[in-house]
Trainee: 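Take this structure first; my questions come after.
Whatever order the structure lists them in is the order used to number ligands and atoms, beginning at 1. Numbers here are sequence positions counted from 1.
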Amino acid sequence: MKLIIAIVQDEDAPKLIDVLMENNYSVTKLASTGGFLKSGNTTLLIGVEKEKVDEVIKIIKEFCQSRKQVTTSPSLTTVSSGVYVPYTIEVQVGGATIFVVDVDRFEKI
Ligand code: 2BA
């Protein structure tokens, strides 16, 4: 068995969860926060048999868009005339960031 950990954008999560559930995959949704943007994203835990991993990743790809996000990071500042001016930066936020890990043991009690 494998555990798919997928970090997706909040906007994509509701539809993606619906489609995964319709396809009989169990999903756990966690509210998470990206370390760089410090804004909310969604982490999904999906436990599946090894042969289903590609199908789940295909569904994730289909329902997760890549978007540009503009952020003002307080940690990235420049000093102009003695005044701290925060940098505005534009980043491309995935699609999805996906980890697939082996599950040593799976039990439902
Ligand atoms: P954040 O850490 O908030 O990152 C959001 C986006 O900012 C990233 O999109 C990337 O385009 C950009 N970014 C991140 N760190 C950067 C840096 N040091 N300099 C410049 N730009 C940077 P994604 O790569 O699509 O990542 C989306 C979210 O997925 C991340 O949100 C984070 O929550 C998670 N993530 C990505 N890679 C990860 C990893 N290796 N381990 C754990 N979580 C990860």
Trainee: Any nitrogen or oxygen of L37 lying under 3.5 Å from a nitrogen or oxygen in ligand 1? Just yes or no.
Mentor: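 For ligand 1, there is an N or O atom that lies under 3.5 Å from one belonging to L37.
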Trainee: Nearest non-hydrogen contact with atom 31 (O) of ligand 1 belongs to which option: G34, S32, G40, A6?
Mentor: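 Nearest option to atom 31 (O) of ligand 1, by heavy atoms: G34.
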Trainee: Distance to 0.1 Å, residue and atom name: give those for the protein heavy atom nearest to atom 13 (N) of ligand 1.
Mentor: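 Here the nearest protein heavy atom works out to F36 CD2, 3.4 Å.
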Trainee: If you group Ile, Leu, Val, Met, Phe, Trp and Tyr by side-chain heavy-atom gaps below 4.5 Å, do I17 and L3 land in one group?
Mentor: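 Different clusters.
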Trainee: Does the N or O separation between I7 and ligand 1 drop below 3.5 Å for any pair?
Mentor: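 Between I7 and ligand 1, no N or O pair is found under 3.5 Å apart.
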Trainee: With atoms numbered from 1 as shown, which atoms in ligand 1 lie under 4.0 angstrom from a non-hydrogen atom of F99?
Mentor: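 Reading through ligand 1 atom by atom, the close ones are 39 (C), 41 (N), 42 (C).
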Trainee: Please answer whether the main-chain N or O of N41 pairs with a side-chain N or O of Q9 as donor and acceptor at a distance below 3.5 Å.
Mentor: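 Checking the backbone N and O of N41 against the side chain of Q9, no donor-acceptor pair under 3.5 Å is found.
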Trainee: In terms of residue, atom name and distance, what is the protein heavy atom nearest to atom 29 (O) of ligand 1?
Mentor: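 Looking only at protein heavy atoms, the one closest to atom 29 (O) of ligand 1 is T97 OG1, 3.3 Å.
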Trainee: For M21, does the CE atom sit with more than 12 other heavy atoms under 6.0 Å from it, leaving out its own atoms?
Mentor: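 Counting neighbours around CE of M21, 12 or fewer heavy atoms of other residues, nucleotides or ligands fall under 6.0 Å, so no.
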Trainee: Using a strict 4.0 Å cut-off to heavy atoms of N41, name the atoms of ligand 1 that fall inside it.
Mentor: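 Within the 4.0 Å cut-off of N41, ligand 1 contributes 28 (C), 31 (O), 33 (O).
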Trainee: Please confirm whether G94 comes within less than 3.5 Å of ligand 1 when only nitrogen or oxygen atoms on both sides are compared.
Mentor: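 Min N/O separation from ligand 1 is below 3.5 Å for G94.
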Trainee: Using every non-hydrogen atom in the two residues, find where V19 and N23 come nearest and quote the distance to one decimal.
Mentor: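 Taking V19 first and N23 second, the nearest heavy atoms are O-ND2, 2.8 Å.
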Trainee: If you group Ile, Leu, Val, Met, Phe, Trp and Tyr by side-chain heavy-atom gaps below 4.5 Å, do I7 and V93 land in one group?
Mentor: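 Different clusters.
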Trainee: With nothing but distance in play, are any N or O atoms of Q92 less than 3.5 Å from an N or O of ligand 1?
Mentor: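 Yes, Q92 has an N/O under 3.5 Å of an N/O on ligand 1.
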Trainee: So does K2 have more than 12 non-hydrogen atoms from other groups sitting under 6.0 Å from NZ?
Mentor: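 Atom NZ in K2 is packed in, count exceeds 12.
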Trainee: For S39 and Q69, work out which heavy atoms get closest and say how close.
Mentor: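 Smallest heavy-atom distance, with atoms named: OG-NE2, 3.6 Å.
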Trainee: Check whether any N or O atom of V91, backbone or side chain, sits under 3.5 Å from an N or O atom of ligand 1, and answer yes or no.
Mentor: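 For ligand 1, there is no N or O atom that lies under 3.5 Å from one belonging to V91.
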